[in-house]
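Structure, as structure tokens:
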Amino acid sequence: ARAVRAMTDRDGARRMILWDIDGTLGMFGPAARYAFARAVHRATGRDPDGHGVNMMGMTDPQIALEIMAAVGIRGEPARAFLPAALAFLEEEVAAAATVLRSAVRVPPGVEAALAILAGTPGVVQTLLTGNLRPNARVKVTAAALDGFLDLELGAYGSDRLNRDELVPVALERAERRVGVRFEPGDVWVIGDTARDLACARAAGARCLLVATGLSPLAELAPLGADATLADLSDTAAVLDLLLG
């Protein structure tokens, strides 16, 4: 309903804002990493403790496959285990909701930007994340940010294995629900890794990178995003960027 209301003012800026979760909307501590390890252990019987997989910017299915590869399960056997591993992952993340709520750190400026954008005519904001849809909901609810986002319009790791294919998913959902076809220049992907930028570029969308995750500003700045910020604390500058 929020998305439909947002599009009633046709004279305002028309924007679709696609937010990454981990490192962008919040930092959630080690609970998600533990959830992956337990899920893969339950699905395969192999303990991946200390697997060493870099989870930044990947979809949940990709992460599960990488963890299985780290314990020697690859190819068709890994693909056969994947549905069970993802089902167990949903259970583990749901069970960790209280832990996530106590551990979450929302970066500076995030809530203010979300709140203003949620009330801006012509703006639709939702998620573009590698998380499975249920896990994404658990996390943004733990961060108390779910009320600002139309989660039905999002694109998730449960939609595509490859993150680079997610922007078109979000565009298609928006067109079906809101009745508006956003052009690539109307779309901003906000994230904290090089994979967020690659995802935006694959669809011709714009990208704002923030150094609120594990990648420092000095690493993100040379990547060529449309904008790179240390954080979102300068609300006026962020809104000028996204709506200008």
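Model, not experiment: these values are computed from the prediction. Residue numbers run from 1 in the order of the sequence given.
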[X] [atom1] to [Y] [atom2] distance, which is reported to the nearest 0.5 Å:
{"X": "Met16", "Y": "Glu175", "atom1": "CE", "atom2": "CD", "result": "10.5 Å"}
{"X": "Ile21", "Y": "Arg137", "atom1": "CD1", "atom2": "CZ", "result": "10.5 Å"}
{"X": "Arg101", "Y": "Thr141", "atom1": "CZ", "atom2": "OG1", "result": "8.5 Å"}
{"X": "Leu18", "Y": "Arg206", "atom1": "CG", "atom2": "CZ", "result": "12.5 Å"}
{"X": "Ile190", "Y": "Leu25", "atom1": "CD1", "atom2": "CG", "result": "8.5 Å"}
{"X": "Met58", "Y": "Arg163", "atom1": "CE", "atom2": "CZ", "result": "10.5 Å"}

Salt bridge between [X] and [Y], side-chain N to carboxylate O under 4.0 Å?
{"X": "Arg42", "Y": "Glu91", "answer": "yes"}
{"X": "Lys139", "Y": "Asp22", "answer": "yes"}
{"X": "Asp164", "Y": "Arg201", "answer": "no"}

Can you find a heavy atom in the side chain of [X] that is under 4.5 Å from one in the side chain of [Y]?
{"X": "His51", "Y": "Glu66", "answer": "no"}
{"X": "Gln125", "Y": "Asp150", "answer": "no"}
{"X": "Cys199", "Y": "Asp196", "answer": "no"}
{"X": "Thr228", "Y": "Leu208", "answer": "no"}
{"X": "Leu117", "Y": "Trp19", "answer": "yes"}
{"X": "Met55", "Y": "Arg33", "answer": "yes"}
{"X": "Leu153", "Y": "Val178", "answer": "yes"}
{"X": "Glu152", "Y": "Arg173", "answer": "no"}

Besides Leu197, the hydrophobic cluster formed by Ile, Leu, Val, Met, Phe, Trp and Tyr side chains linked at under 4.5 Å, directly or via other members, contains Leu209, Leu220, Leu223
For Met27, the hydrophobic cluster (side chain heavy atoms closer than 4.5 Å, chained through members) also holds Met56, Leu214
Checklist entry - Got a donor-acceptor contact below 3.5 angstrom from the Asp60 side chain to the Leu132 backbone? => result yes
Check your understanding: Is the CD atom of Glu111 crowded by more than 12 outside heavy atoms at less than 6.0 Å?
Key -> no
Does Phe88 share a hydrophobic cluster with Leu86, counting links as ILVMFWY side-chain heavy atoms below 4.5 Å and allowing steps through other members? no
Side-chain donor-acceptor pair present, Thr24, Asp192, cut-off under 3.5 Å: yes
Residues passing the side chain to side chain donor-acceptor pair (under 3.5 Å) test with Arg133, sequence neighbours excluded, are none
